[in-house]
Amino acid sequence: MLDIKFIRANPEVVQKGARDKGVNVDIDELLALDDRWRKKVYEVEQLKARRNKVSEEIGLLRKAGRDASDAIAEMRRVAASVKALDEEIRELKERIDSYLMEIPNLPHSTVPVGADETANQEIKRWGEPPAFDFNWKPHWELAAELDIIDFERAAKMSGARFPLLKGLGARLERALINFMLDLHTTEHGYTEVFPPFLVNARSMFGTGQLPKFEEDMFKVGSHELYLIPTAEVPVTNIHREEVLKEEELPLYYTAYSACFRAEAGAAGRDTRGLIRNHQFNKVELVKFTTPERSYEELESLLQHAEAVLQRLELPYRVVCLSTGDMTFASAKTYDIEVWLPSSNAYREISSCSNFEDFQARRAEIRYRPRDGGRLRYVHTLNGSGLAVGRTVAAILENYQQPDGTVRVPDALVPYMGGVQRID
RNA sequence: GGAGGGAUCGCACAACCUGGUAGUGCACCGGUCUCGAAAACCGGCGCCCUUCGGGGCUUGUGGGUUCGAAUCCCACUCCCUCCGCCA
C-alpha cells in the first residue's frame with residue numbers, strides 16, 4: 001500500500017509507476033474521493049468538538065444542580081448528525097482503501113522499464129552449463145527410472161501436479177532443506193523459524209496476496225484460513241502491528257515451509273516434473289530493515305541465496321526483473337535462474353525482492369528511530385533460499401551420468417548420510 | 001467441546017463496582033545542569049485532519065444505551081487457567 005499523502009503530492013509519479021507495472025489505476029478518481037473524505041472529516045470534527053464542549057458543560061451544570069435540558073436537546077440533534085456523517089465518512093474511506101489496495105508498489109529507479117520478461121536485465125552468470133556427450137534425460141525420466149519420484153501414485157491420492165518422493169529422492173529433498181537452513185543460520189546470521197502453514201486473511205493482506213490474488217491460493221473454507229503460498233507470509237507477519245526498536249534492526253529470519261499454489265497449472269506450462277506443482281518445499285529468507293539500508297540488504301540477500309547454488313556447484317544467472325515482470329508488492333526484484341537442461345534455459349529458482357515500506361504499511365510494522373521522533377515503517381525484503389523442488393530437478397539434470405545414475409553434489413554428501421550417488 | 005478469568009501507550013499497572021472525557025511507574029528521545037556522565041527537573045514519547053490557531057480519534061474488534069462510555073448492555077476475536085477429547 002502506498003502512502004496517500006505521497007499520492008496526493010505525486011499523482012503523476014504513481015500513475016506512471018503503475019502503468020510501467022502494467023496496472024491501470026484511476027488516480028484522479030481516488031484523489032477526488034480523498035478530497036471529499038477530508039471535507040467530511042473536517043465537518044464532522046467541528047460537530048464533535050461542539051459535542052465534547054457542551055457535554056462537559058452539561059456535566060458541570062448537573063453538578064451545580066442546574067437545568068441543562070436545552071443543551072441536551074441540542075446535543076441530541078448533533079449526535080444524529082454525527083452518526084449520519086460518520087457513516088458517510090466510513091463509506092468513503094472504504095472506497096478509498098479499496099483503491100489503495102489495488103495500486104501496486106512503485107518500481108525503484110534502477111529497475112529496467114519494460115512490458116514483460118524480455119526486458120529483464122541480466123546481471124551476471126556463474127558456472128558453466130554442462131556439455132553432455134551422451135543421451136541425457138529430463139529429471140522426470142531420470143527420477144522415474146531411479147524410482148525416486150512417483151507422479152502417478154501422487155495423482156491417485158491428490159491429483160495432477162503433486163510429487164511423491166521416495167527413497168533417495170525423499171532423502172535428497174530433506175538433505176537440501178537441512179543444508180540450506182544450516183548455511184543460512186550458521187554462516188549468514190539468520191534466525192530459524194518454523195511457521196504455521198495456514199494463516200488468516202489479515203496475514204495474506206499484510207504481505208499483499210489479498211485482496212488481489214485470492215484465486216491463486218488454496219482456502220480452507222470451513223475455517224477461513226489460507227494455505228501459505230510461501231513462508232514469506234507467516235514470517236513477515238511475525239511482526240505485524242508491532243513497534244520494533246531501531247537497535248534490533250536488521251532482523252534476519254529463515255524458514256522452511258511447504259508452499260501451496262492453486263494457480264500452478266492454469267497456464268498449461270511445465271506439466272511434467274518438479275517445476276510447477278501445487279505443493280512444493282522452500283527455504284525462505286526474510287529481512288526487516290531501516291529504509292536507509294534496505295537496498296544494501298537486498299544485495300546481501302541475493303548473495304545469501306546465490307551461495308546455495310555456488311555450494312551445490314549449479315550454473316546460474318541473475319536477472320533484474322523489468323517493471324512489467326515484477327510482482328505487485330515489489331519495488332525491485334532479482335531472480336536467480338538455474339540452468340536446466342530439459343528447458344535448455346535458465347529457470348527461476350529464487351526471487352529476491354525489496355518491498356520497501358509497501359508491506360510494512362499494510363501490516364503496520366514500524367520502528368522507533370534511535371534518536372526519537374515519529375515512528376517509521378520498516379522496509380521488508382524476502383527471497384527464496386531456495387525453492388527445493390526445482391533444486392532437486394536441477395541437481396538430477398546437471399549431475400546425471402552416462403549410466404543414468406546421479407552424482408550427489410559434494411556439499412550434500414554429509415546430509416545424505418555419506419551417499420555419493422543415486423542409483 | 002464445557003466452565004471460569006483476562007485484553008488500557010514499547011513494557012508493567014491504575015481508573016471500571018458508583019458513566020463526566022485516561023493517569024502512574026519503567027524504558028526510550030530532546031532540553032536544563034555537567035569537563036563528561038549519573039541523578040534531579042522540564043518537555044516529548046499512538047493515529048488522522050489542519051487555513052499551523054487548533055481540532056478530532058485512540059482503553060482487543062464491531063454494535064447498542066446515553067447530552068456524554070475504558071466504565072453499562074450485546075456480539076465477535078485472541079490470550080490464560082481448569083475439565084473433556086487428542087498426535
Side-chain angles (χ1 to χ4, degrees), chain A residues 1-9 30-97 99-101 194-206 210 220-226 234 237-249 251 258 288 290 292 357 360-378:
Chain A
M1 184 161 67
L2 298 179
D3 185 356
I4 184 70
K5 287 180 191 165
F6 178 83
I7 300 174
R8 278 179 207 144
L30 169 63
L31 291 181
L33 284 172
D34 178 55
D35 201 51
R36 272 175 62 198
W37 176 77
R38 281 190 289 167
K39 286 201 169 75
K40 291 290 177 188
V41 165
Y42 179 75
E43 204 178 316
V44 79
E45 287 187 355
Q46 294 290 100
L47 284 177
K48 285 179 178 175
R50 170 96 182 129
R51 181 182 65 185
N52 289 342
K53 186 160 163 284
V54 174
S55 288
E56 198 178 338
E57 286 166 7
I58 290 169
L60 293 174
L61 284 173
R62 278 274 173 85
K63 213 165 268 175
R66 292 168 58 191
D67 177 60
S69 50
D70 286 355
I72 289 176
E74 186 201 341
M75 285 310 101
R76 244 185 216 129
R77 289 192 298 275
V78 168
S81 307
V82 164
K83 195 173 176 183
L85 273 171
D86 271 343
E87 176 62 16
E88 207 176 328
I89 287 165
R90 193 190 59 75
E91 279 168 19
L92 278 170
K93 186 73 178 157
E94 220 163 69
R95 289 172 65 188
I96 289 167
D97 283 345
Y99 257 99
L100 284 175
M101 287 305 142
F194 199 118
F197 294 176
L198 285 163
V199 299
N200 56 33
R202 180 70 185 87
S203 294
M204 286 296 186
F205 196 77
L210 286 179
V220 182
S222 56
H223 288 78
E224 292 294 316
L225 291 170
Y226 296 84
N237 276 282
I238 287 173
H239 294 297
R240 192 178 77 217
E241 291 148 46
E242 289 187 11
V243 178
L244 304 168
K245 292 193 176 89
E246 180 169 354
E247 298 81 81
E248 51 189 351
L249 298 176
L251 287 167
F288 299 83
T290 57
E292 287 72 22
D357 62 7
R361 183 171 288 109
R362 285 177 166 241
E364 283 178 69
I365 309 169
R366 294 170 294 174
Y367 73 96
R368 191 175 297 285
R370 200 186 306 269
D371 53 3
R374 296 173 74 81
L375 302 185
R376 302 176 74 196
Y377 289 109
V378 301

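These numbers were taken from a predicted model, which means no experiment stands behind them. To find a chain, count down the sequence lines: A is the first, B the second, and so on, and within it residues start at 1.
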Q) Under 4.0 Å between a side-chain N or O of A/R51 and OP1 or OP2 of B/rC67? A) no
Q. In Watson-Crick or G-U wobble terms, both distances under 3.5 Å, what is the partner of B/rU32?
A. B/rA40
Q. Across the strands shown, which category fits A/A49 at heavy-atom distances under 4.0 angstrom: base, sugar-phosphate, nothing?
A. sugar-phosphate
Q) Is the shortest side-chain N/O distance from A/K5 to OP1 or OP2 of B/rC49 below 4.0 Å? A) yes
Q.
I want to check one thing: is the phosphate of B/rC57, taken as OP1 and OP2, less than 4.0 Å away from some side-chain N or O of A/R90?
A. no
Q.
Is A/N52 close enough to B/rG56 that one of its side-chain N or O atoms is under 4.0 Å from OP1 or OP2 there?
A. yes
Q | Under 3.5 Å on both distances, the Watson-Crick or G-U partner of B/rG23 | A | B/rC13
Q: State, with a plain yes or no, whether a side-chain heavy atom of A/E74 is found less than 4.5 Å away from one of A/R50.
A: yes
Q) Does the side chain of A/R51 reach to within under 4.5 Å of the side chain of A/M75, using non-hydrogen atoms? A) yes
Q.
Going by purine N1 to pyrimidine N3 plus the second Watson-Crick contact, or the G-U wobble pair, all under 3.5 Å, which nucleotide sits opposite B/rC57?
A. B/rG46
(Q) Can you see if the side chain of A/R38 gets near the phosphate of B/rU50 - specifically, an N or O under 4.0 Å from OP1 or OP2? (A) yes
Q | For B/rC78, the Watson-Crick or wobble counterpart (both distances under 3.5 Å) | A | B/rG6
Q: Please tell me which of the listed nucleotides, B/rG10, B/rC67, B/rC48, lies nearest to the side chain of A/V243?
A: B/rG10
Q) With side chains defined as the heavy atoms from C-beta onward, is the minimum distance between A/K40 and A/L92 less than 4.5 Å? A) yes
**Q.** Closest nucleotide among B/rC67, B/rG10, B/rG46 to the A/R62 side chain
**A.** B/rC67
(Q) By nearest heavy atom, map A/A73 and A/V41 onto RNA chain B; which one lands nearer the 5' end? (A) A/V41
Q) When you check the phosphate oxygens OP1 and OP2 of B/rG64, does a side-chain N or O of A/K83 lie under 4.0 Å from one of them? A) yes
Q: Side chain of A/W37 only, please: which of B/rC49, B/rG46, B/rG56 is the nearest?
A: B/rC49
**Q.** Proximity to the side chain of A/K48 - top-ranked nucleotide from B/rC67, B/rG56, B/rC47
**A.** B/rG56
Q. Going by a 90° cut-off around 0, is B/rG53 syn or anti?
A. syn
Q: State whether A/R90 and A/D86 are salt-bridged, where the test is any N-O pair (Lys NZ or Arg NE/NH1/NH2 against Asp/Glu carboxylate O) under 4.0 Å.
A: no
Q) Which part of the nucleic acid does A/A79 contact within heavy-atom distance under 4.0 Å: base, sugar-phosphate only, or nothing? A) sugar-phosphate
**Q.** First encountered from the 5' end of RNA chain B, between A/V44 and A/R8
**A.** A/R8
(Q) Only pairs with both distances under 3.5 Å count, Watson-Crick or wobble alike; so what is the partner of B/rG1 in this structure? (A) B/rC83
Q | Side chains of A/R368 and A/K245 in contact at under 4.5 Å (non-hydrogen atoms) | A | no
(Q) Check A/K48 with A/E43, please: is the shortest side-chain N to carboxylate O separation under 4.0 Å? (A) no
(Q) Quick check for you: among B/rG56, B/rU51, B/rC45, whose closest atom lies nearest to any side-chain atom of A/E45? (A) B/rG56
(Q) Any strand counts, and the cut-off is 3.5 Å on both contacts for Watson-Crick or G-U wobble. Which nucleotide pairs with B/rA70? (A) none
